[in-house]
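Report on the structure given below.
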Amino acid sequence: MYNTLPHLVLPQIPNLHEIDVYRANGGYDAYRQVITMTQDEVINEVKKSGLRGRGGACFSTGLKWSFMPKGNDKPKYLAINGDESEPGSFKDRQIFEYNPHQLIEGIMIAGYAMGISKAYIYIRGEYHKWVDMMEAAVRQAYDKGMIGDAMKKTFNHNYSIDIYVHKGAGAYICGEETSLMNSLEGDRAYPRFKPPFPAQKGLWGMPTTINNVETLATVPPIIKIGAEAYSKIGAEKHPGTLLYGISGHVNKPGVYELPTGTLLTDIIYNVCGGVPGNKKIKAIIPGGSSMPPLRGDRIEGVRMDNESLREHGSYIGTAGIMVMDEDTDLVKVLLRITRFYHHESCGQCTPCREGCGWMEKILHRLDHGDATMKDIDLLYSVAGNIEGNTICALGDAAAWPVRGFIKLFRDEFEKKVKSNREFVSMNVVHGRVNTMSDLVVLN
Amino acid sequence: MDITFTPEELQQVELHKSKYPEPKAAIMPVLWMAQKKWGWLSEDVMRYIGQLLDLPTAHVKGVATFYTMYFKKPMGNYHIQVCTNISCMLRGGEDIYRHVSGKYGISHNQRTPDGKYSLEEVECMGACGGAPMIAVNEVFYEKVDIQEVDKVLDSLS
Ligand SMILES: Cc1cc2nc3c(=O)[nH]c(=O)nc-3n(C[C@H](O)[C@H](O)[C@H](O)COP(=O)(O)O)c2cc1C
Ligand code: SF4
Ligand code: FES
């Protein structure tokens, strides 16, 4: 039954990454259609479609485009975010490999709508092969006169755009939009304060829009089937299809394109063939490692769209679903997540830099059986002090899973304290008045 | 060692510069070129890149040290990366890391005395659906187990 659902971003067409195959299947026709419309008409169409960003924040794409200043008095830029480094996310890679021309066409449409003539596709450095594939597609598009100056003649219209591929070099933070801009400009990739927002002052001080790879690859089909039809797919407030990346304890992990609002249980049991050994599920992270987890015994009826997930205490994020079976040690999982954020913190803000380090240390203690009950509260409060007190959202990304896991699985954390500290009575624990001083000693 | 790009490579540097409104932005692609050519980014290489792009050496160093993939010391001919982030960890990535570490007697960011192998415990590589995974230099190997890892590594020479 899942084969009958629309595949808008990853249609099952062999060799679609070749420009001739892409064109034979209607490729670059959406752009032809777009140039018969005004810029505002295109932006309104995207707004009307209900498309929301696939990079994690789930912000309306049409609205974002409308923030860009009109007119061509100064250069404007488009940055395409293919940093894809959030643990559990591996979907943009499929687009580089299987449908790169649809991304290029999406860039052309976005560029036309906002009057942008230069676009940079930022791809994480580890994706060597996929950087090469994307570069090959861009070269083909130049060779066939689809982009660059030659496109004016091809499409008989005076708009043109140049597209460049920029390779990262291993830093999760570069996926944060302002960090990405500093990285592209050739500086250390520290996130910038907002405001000013990129639409006012972005790359090289000029108005800039940053969109995720999947977001832009979704634009051509929206133009083709029409905003109206697109908005009817999937969940009402968060319509369309998503590239769900499922990993962890499922029989058939991978990337699947399905409508938003698909039942999480459907994805796990019908699409991904269930859990190995028919084990029960203990926990699920629904949208990449920074999203708060769900309890495995409460996923009945949870739908994979931002609104439904919010009701269940999480968000859609990158739609990277990580499934953990009943035997998973969640303290170890949280320790690993926290170690990641500590490693990736750029160090600009004290709460993020120090807080992530403290959280990692406390979790280490917990995992090694050296923690007290009070440490669990301390951990929770350190996370609370990071949230909302930092320049960029990496701080929140580090804090959410900590708070989420403790909130939902406190018993797991307490078990680690109890089972490992047999002789610690509650009184003794609370006799340690200043747990914080332990941290200082450990430092 | 003579640290200079060939005329063809210098042309490539110019091409990178032309992609951006300011030449400073060419630093990442040019650092990639340098690492490909010399294997890692020594002080001398960084100074040379600074001269090429008209940037202080301190700036080049600042950028190079921000990213984990630019090597600040020589690595092995075969740089083995083992992912131990969540999806890989759930499927045995840590065991693979320990196995490879034991196999060559090296740990994170170390290389064997003969310079042949180096090991890195990496964060999520964006291949979680193929967990557990390793990468050797630029190539990913997904859905592997210890036997398969051995097969891959033993076939390198
Ligand atoms: C720490 C951090 C890492 C991020 N990593 C990515 C990423 O790898 N890819 C991505 O598209 N967005 C990432 N984002 C979100 C971007 O900042 C930005 O919101 C997004 O690229 C906008 O595109 P969209 O509106 O099309 O989703 C990250 C955000 C933060 C705070
Ligand atoms: S929140 Fe963390 S990653 Fe973001 S700017 Fe501050 S220190 Fe850097
Ligand atoms: S967790 Fe190993 S590739 Fe993502």
Side-chain angles (χ1 to χ4, degrees), chain A residues 75 77 84-93 118 120 124-130 132 162 164-174 183-190 203-204 206 245-249 253-255 285 289 320 322-325 328 332-333 336-337 339-340 343-344 346, chain B residues 15-33 35-36 41 53 55 59-71 81 83-91 93-94 120-133 135 137-140 142-143:
Chain A
Y77 298 103
E84 185 145 88
S85 307
E86 166 104 340
S89 317
F90 50 103
K91 62 186 177 73
D92 295 337
R93 185 180 118 174
K118 272 192 194 323
Y120 296 91
R124 65 178 300 179
E126 293 85 349
Y127 277 0
H128 305 277
K129 173 177 146 192
W130 294 273
D132 292 348
D162 280 302
Y164 308 99
V165 175
H166 186 95
K167 183 175 181 172
Y172 165 67
I173 193 60
C174 293
S183 178
L184 251 172
E185 288 184 23
D187 285 318
R188 282 172 77 82
Y190 290 123
L203 279 170
W204 297 287
M206 298 298 161
I246 301 109
S247 64
H249 296 137
V255 172
I285 298 175
S289 63
M322 288 181 271
V323 179
M324 295 163 234
D325 72 19
T328 310
K332 275 201 194 320
V333 168
R336 188 65 189 84
I337 293 178
R339 204 175 109 205
F340 169 75
H343 179 248
E344 301 297 333
C346 82
Chain B
L15 190 78
H16 284 309
K17 277 161 71 175
S18 71
K19 296 189 208 162
Y20 309 94
E22 285 174 24
K24 185 171 78 177
I27 188 166
M28 288 188 74
V30 174
L31 284 174
W32 272 121
M33 283 177 64
Q35 177 152 311
K36 249 210 162 115
L41 304 173
L53 298 177
L55 296 168
H59 182 84
V60 180
K61 236 192 250 178
V63 171
T65 50
F66 194 87
Y67 301 93
T68 54
M69 294 182 75
Y70 293 135
F71 298 148
Q81 303 137 75
C83 175
T84 60
N85 213 304
I86 306 307
S87 306
C88 288
M89 172 184 150
L90 292 172
R91 288 188 161 255
E94 291 183 321
E120 186 181 353
E121 180 182 8
V122 288
E123 297 295 358
C124 176
M125 298 280 275
C128 325
M133 67 84 67
N137 297 339
E138 301 191 349
V139 182
F140 284 24
E142 304 184 20
K143 290 194 178 149

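Throughout, a chain's letter reflects where its sequence line sits, starting with A, and its residues are numbered from 1. Note: hydrogens, waters and symmetry copies are ignored here, and every other heavy atom, side chains too, is used.
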Quick check on [X] against chain A: is it the side chain, the backbone, both or neither that has a heavy atom closer than 4.5 Å?
X: B:Ile27; result: side chain
X: B:Ala127; result: both
X: B:Met89; result: side chain
X: B:Val122; result: backbone

Minimum heavy-atom distance between [X] and [Y], given as atom pair plus value:
X: B:Pro29; Y: A:His166; answer: CD-CE1, 3.9 Å
X: A:Ser247; Y: A:Pro253; answer: CA-CB, 4.2 Å
X: B:Glu121; Y: B:Thr84; answer: OE2-OG1, 2.6 Å

Side chain, backbone, both or neither: which part of [X] has a heavy atom under 4.5 Å from chain B?
X: A:Leu184; answer: both
X: A:Tyr164; answer: side chain
X: A:Leu203; answer: neither
X: A:Lys91; answer: neither
X: A:Ser89; answer: backbone
X: A:Val323; answer: backbone
X: A:Arg188; answer: both

With a 4.5 Å cut-off on heavy-atom pairs, point out which of [options] contacts chain B the most.
options: A:Met322, A:Glu84, A:His249; result: A:His249
options: A:Gly125, A:Gly254, A:Ser289, A:Gly245; result: A:Gly125
options: A:Met324, A:Arg339, A:Glu344, A:Lys129; result: A:Arg339
options: A:Gly320, A:Ser85, A:Gly168; result: A:Gly168
options: A:Val333, A:Asp162, A:Asp187, A:Ile246; result: A:Asp187
options: A:Cys174, A:Pro87, A:Gly88, A:Ala171; result: A:Pro87

Strictly distance-based, threshold 3.5 Å: is any side-chain N or O of A:Arg124 a donor or acceptor partner for the main-chain N or O of A:Ala169?
no
Report yes or no: does B:Thr68 contribute a side-chain atom to a donor-acceptor pair with the main-chain N or O of A:Gly170 at less than 3.5 Å?
yes
Can you confirm if the aromatic rings of A:Trp130 and A:Phe90 lie within a centre distance of less than 6.0 Å?
no
Side-chain donor-acceptor pair present, B:Tyr70, B:Thr65, cut-off under 3.5 Å
no
Close side-chain approach of A:Lys167 and A:His128, heavy atoms under 4.5 Å:
yes
Residues A:Lys332 and B:Glu94 bridged, charged N to O under 4.0 Å:
no
B:Lys24 and B:Glu22 ion-paired at < 4.0 Å
no
Matching residue for B:Cys83 among B:Glu120, B:Glu123, B:Met133, B:Glu142 - test: side-chain contact (heavy atoms from CB on, under 4.5 Å)
B:Met133
Can you tell which of B:Gly62, B:Pro21, B:Cys88 has the highest number of heavy-atom pairs within less than 4.5 Å of chain A?
B:Pro21
Looking at B:Ala25, B:Cys124, B:Cys128, B:Ala64, which has the largest count of heavy-atom pairs under 4.5 Å with chain A?
B:Cys128
Taking it one step at a time, do A:Tyr172 and A:His343 satisfy ring-ring contact (aromatic ring centres under 6.0 Å, His included)?
CA-CA 9 Å; A:Tyr172 165 67; A:His343 179 248; over 10 Å; no
